[in-house]
Amino acid sequence: MFQLVSAVAERKRMGYNVHREILDEGAVDEMAEKSDSKTSLSERVKKSMRCSGPRAKECLLTSVPVVSWLPRYSLKENALGDLISGLSVGIMQLPQGMAYALLAAVPPVFGLYSSFYPVLIYFIFGTSKHISIGTYAVMSVMIGGVIERLAPDSDFSEWDNLTNETIINITNRDAERVKVAAAVTLLSGIFQILLGLVQFGFVVTYLSEPLVRGYTTGAAIHVIVSQLKYTFGINPKRYSGPCSLIYTVLEVCSLLPKTNIGTLVVSIVAIVGLILAKELNSYLSKKLPIPIPVELLGVVIATVVSWQVDLENKYKVDVVGLIPSGLQPPVLPEVSLFSKVIGDAFALAVVGYGIAISLGRIFALKYGYNVDSNQELIALGLSNSVGGIFQCFAVSCSMSRTMVQESTGGKTQVAGALSAVVILFITLWIGYLFEDLPKAVLAAIIFVNLHGMMKQFMDIPALWKSNKVDMLVWVVTFILTVLLNPDLGLAASIGFSMLTVIFRTQLPKYSLLGQIPDTDIYRPLEDYNQVRPVPGILIFRSSATLYFANAEMYQESLGKKVRTHTHTHTHTHLLTWEGRKRMTKEEEDQWVSLFFLIFDTQRSFHRAGVDWQMLHVCLQGEK
């Protein structure tokens, strides 16, 4: 401690004395002999196309990461943790996959397919050791919006001569909806692969944390509203386009008198039971080696009760229905659908990647390894592309499953592969046992799993205290997502976020800096009472990077600050390189008594488009 105090005291006494000529940027380039040699585009292309043994090996290890880490896999250190983690996540994948399939407006069994094929592909090509790839609520509700728009119930209405009423051909409807889901999934995967190949992984930097959290919270509202029909046992009309959420809520409210009491009772019991079980799970988390599979237990109990009581026939409770055993053969989606879903596919590609890379980086930082952003794009793209061919819907990573995978000891993506094996076993042999599961229970699972997203509303008071612009981005993103739907809401939110960046550079804070007494620390004069200006020196600082768009404002603010300062002190001059060379010996001697002006900026004035002569005139105007 004494040495630290002594070092600080010595730093306070430190003086600075620099002797050299005044140089501008051109003089520095000339003195340092700046190199003008630049590699031509053709040379760079030739270099990238050259192939050698080491280069081919490096390319293979980078493109297929499993080849790099799997041969070095330690059974002693990782096997047990990955086994327990894989089984736990696989058990979670069963109810979540079926529940999120309802969000995507496809039969529940396709949620199981989406929890199998993409997980295996990510195991081979992914770089994160901890994230759990599979179905995700936000992605599912976005796909559901596309499906409801292109394959609404009204397109499959038929007249039933026996009952003399209009019915919906569910078989044809579901078949068409699966085609739409597969098409948008394949196209989103292609977008992700292309973005990864052109090294576009940095695009996620434009998705700030307030934007992502505000967007996922808004999307969670869409998820909740979309599941109300299963909670109350009603069939509201599905709306699309801006403000569709409001219209849907009004439609649900108008249909509440027609609520199926049996379905509502099942929903209430399931929600209360899941909440209590999860609270118990949280309370016993430190005492149990693995968490209690609450959702699986809920699904099993609900299925047994539904089967024994015959809820479907006695109380008209909607159940999952037929779950075919086995896997679907690969089928290429209809190319004619691509033009109708291209915008939705791009939105899915960006959202899915943004969520996965954000969560992947958190765990990479925690455990000390790197996540390749471009390889993650390619891995997710291949997962969705292959999944689209096998009639899956778009996937990303789930926070809840990832937390379980990490907390139960998962250390590599072997845990993810084992969870896929669990889903394969269920799909091939025991899937049919869940045909009597009420859809209201799946909706209850979705509601309870969204509690984490609902807690994100607490970001607003925290951001209000730390950064009001970020708070504005959060709130506006949430409102736009709720009103414009997740696809248009994302585009509008990114546009608004970019506008805030422009405004921050156009409206920066300009200040004159002074020195805190007995230190070498400088702070704005107007913000601190004990900060004093340095005699003979005027320090001007801008909070934004200097470039052409704010160069004129920079000059105006500089002139205003200098004029304000010189009214209370003395005349201030700006010494340019050209002016320095034209000085006589007498002028140089006189210059010692004048003030010097220091610019605290990140860019040169020449490159930013600042006119030196304008600055000189501005500063000399008060002489």
Side-chain angles (χ1 to χ4, degrees), residues 94-108 111 137 140-141 144 148 153 163 165 167-168 170 173-174 219-239 244-280 294-323 433-454 482:
L94 168 64
Q96 287 192 3
M98 298 173 70
Y100 294 156
L102 295 183
L103 284 177
V106 295
S140 298
V141 77
E148 294 283 359
D153 288 340
T163 60
E165 61 181 14
I167 62 172
I168 297 174
I170 295 178
R173 183 200 65 182
D174 288 347
I221 302 298
H222 283 273
V223 172
I224 292 172
V225 172
S226 69
Q227 294 304 290
L228 292 177
K229 62 181 181 180
Y230 298 112
T231 302
F232 294 100
I234 55 180
N235 292 301
K237 180 181 177 182
R238 182 66 181 249
Y239 295 90
S244 61
L245 183 76
I246 298 175
Y247 298 139
T248 302
V249 171
L250 295 176
E251 178 79 6
V252 169
C253 292
S254 67
L255 293 175
L256 286 180
K258 300 180 181 180
T259 298
N260 184 310
I261 302 301
T263 301
L264 182 60
V265 170
V266 170
S267 300
I268 294 174
V269 172
I271 292 173
V272 173
L274 287 171
I275 291 176
L276 293 177
K278 281 185 174 289
E279 289 298 323
L280 178 63
V294 174
E295 295 161 339
L296 178 65
L297 290 177
V299 166
V300 172
I301 293 173
T303 303
V304 172
V305 171
S306 175
W307 170 57
Q308 289 291 327
V309 180
D310 195 12
L311 292 177
E312 182 182 16
N313 295 321
K314 286 186 178 181
Y315 301 99
K316 305 301 180 182
V317 175
D318 197 10
V319 298
V320 169
L322 179 64
I323 299 180
L433 296 176
F434 299 99
E435 292 180 352
D436 290 317
L437 173 65
K439 291 183 179 179
V441 175
L442 296 179
I445 292 173
I446 294 173
F447 290 146
V448 175
N449 281 333
L450 289 176
H451 76 282
M453 291 187 185
M454 294 298 101
V482 169

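In this chain, numbering begins with 1 at the start of the sequence shown.
- Looking only at side-chain heavy atoms (C-beta outward), F447 and T231 come within less than 4.5 Å of each other.
- Rounding to the nearest 0.5 Å gives a distance of 5.0 Å between NE2 of H222 and CG of L245.
- Contact record, P108 with A101: CA-CB, 3.6 Å, taken as the closest heavy-atom pair.
- Side-chain contact check for E435 versus L322: some heavy-atom pair is nearer than 4.5 Å.
- Contact between A270 and A444 at its shortest, heavy atoms only, is CB-CB, 3.7 Å.
- Counting heavy atoms from C-beta outward, Y315 and V309 have side chains that approach closer than 4.5 Å.
- A 4.5 Å side-chain heavy-atom check between I445 and V299 finds at least one atom pair inside the cut-off.
- The closest side-chain heavy-atom distance from D153 to R173 is below 4.5 Å.
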Legend entry - side chain to side chain contact (heavy atoms under 4.5 Å, CB included) assessment of E251 paired with N235: CA-CA 9 Å; E251 178 79 6; N235 292 301; over 6 Å; no

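- The two atoms that bring T259 and F232 nearest to each other are CG2-O, 3.2 Å, heavy atoms only.
- Of the inter-residue distances, the one linking T303 atom OG1 with D436 atom CG reads 7.5 Å to the nearest 0.5 angstrom.
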Legend entry - Residues V294, V448; criterion side chain to side chain contact (heavy atoms under 4.5 Å, CB included); working and verdict: CA-CA 11 Å; V294 174; V448 175; over 6 Å; no

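- Here the side chains of I275 and H451 are not in contact, with every heavy-atom distance at 4.5 Å or above.
- Taking both residues in full, the closest heavy atoms of F434 and L94 are given as CZ-CD2, 3.7 Å, listed atom of the first, atom of the second, then distance.
- Side-chain atoms of S306 do not come within 3.5 Å of backbone N or O of A302 as any donor-acceptor pair.
- For the atom pair I234 CD1 and S254 OG, the distance stands at 7.5 Å (nearest 0.5 Å).
- Shortest non-hydrogen contact noted between A220 and L450 is O-CD1, 4.0 Å.
- Closest approach of A440 and Y230 over heavy atoms only: CB-O, 3.6 Å.
- Between I323 and M98, the closest side-chain pair of non-hydrogen atoms falls below 4.5 Å.
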Inset, instruction - Could you give me the CA-CA distance, side-chain angles and deciding distance for E295 and K278, then say whether side chain to side chain contact (heavy atoms under 4.5 Å, CB included) is met? - result: CA-CA 9 Å; E295 295 161 339; K278 281 185 174 289; 3.9 Å; yes

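- Between L250 atom CG and K237 atom NZ the span is 13.0 Å, to the nearest 0.5 Å.
- Taking 4.5 Å as the limit, every side-chain heavy atom of D318 sits out of range of all side-chain heavy atoms of T263.
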